[in-house]
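In this text, all values refer to a predicted model and were calculated from it rather than measured experimentally.
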Amino acid sequence: NRDARLPGAILRPYVLQALAALRSIPRVEIVLWTASTAAKAEPVVEQLGEGGFRFDAVITRSPLWFTEPVHGKDLRLLGRPMDRVVLFDNAPQCCKLNRANCVLVSDFFGRGGPE
């Protein structure tokens, strides 16, 4: 999550450890697919990089998949075998096209919660 008043992203607890655990699994590709623009995603990707993590790819908002007011993430666009793809997302509408491949996580607002 990102708070424009703060210099960096507000990372979920244990996100770097979880990503490192996934990275340790052979042949696992880790892709960040965000509804954010590239400009908004870049500081978060950089901050994770400073923590030692690198994504295999970063997908940001694009007219190929992002439509207003409701958008979804069609995992088939990744061109990967669907039995090897999992999406973790906090937006139910992003999971609507590939429900069997999605893990819905709760919103995260940092330590203090939503204001």
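Screening residues 10-45 for ring pair (Phe, Tyr, Trp, His ring centres under 6.0 Å) gives Trp33-Trp65 as the qualifying pairs, with residues at least two apart or on separate chains.
Legend: residues meeting salt bridge (charged side-chain N to carboxylate O under 4.0 Å, His left out) with Glu46, ordered by chain and number and at least two apart, are absent. In terms of the side chain to side chain contact (heavy atoms under 4.5 Å, CB included) criterion, residue partners of Pro81 (sequence neighbours excluded) are, by chain and number, Asp83, Arg84.
The minimum heavy-atom distance linking Ser36 with Lys40 is given by the pair CB-CB, 4.0 Å. Summarising the geometry of Cys95 relative to Leu104, their closest heavy-atom pair is SG-CD1, 4.3 Å, with the distance given to 0.1 Å.
Separation of atoms CD (Gln47) and CD1 (Ile10) is listed at 9.5 Å; rounding is to 0.5 Å. Here CD of Glu29 is found 12.5 Å from CG of Leu22. Values are rounded to the nearest 0.5 Å.
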Run the side-chain donor-acceptor check on residues 54-62: report pairs under 3.5 Å with partners two or more places apart or on a different chain.
| from | atom 1 | to | atom 2 | distance (Å) |
| --- | --- | --- | --- | --- |
| Arg54 | NH1 | Gly49 | O | 3.3 |
| Asp56 | OD2 | Arg23 | NH1 | 3.1 |
| Asp56 | OD2 | Arg23 | NH2 | 3.4 |
| Asp56 | OD2 | Ile30 | N | 2.6 |
| Arg61 | NE | Ala35 | O | 2.7 |
| Arg61 | NH2 | Ala35 | O | 2.9 |
| Ser62 | OG | Leu64 | N | 3.1 |

Review item, side-chain donor-acceptor pairs of residues 85-94, under 3.5 Å, at least two apart:
| from | atom 1 | to | atom 2 | distance (Å) |
| --- | --- | --- | --- | --- |
| Asp89 | OD1 | Ala91 | N | 2.9 |
| Asp89 | OD2 | Lys73 | NZ | 2.7 |
| Asn90 | ND2 | Asp107 | OD1 | 2.7 |

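No continuous path of ILVMFWY side-chain contacts below 4.5 Å connects Val105 to Phe108, so the two sit in separate hydrophobic clusters. Leu32 and Val103 fall into different hydrophobic clusters, where Ile, Leu, Val, Met, Phe, Trp and Tyr residues are linked whenever their side-chain heavy atoms come under 4.5 Å apart, directly or through other members. A continuous path of Ile, Leu, Val, Met, Phe, Trp and Tyr side chains, each step under 4.5 Å between heavy atoms, connects Val15 with Val45, placing both in one hydrophobic cluster.
Under the 3.5 Å distance criterion, the side-chain polar atoms of Asn101 are matched with a main-chain donor or acceptor of Met82.
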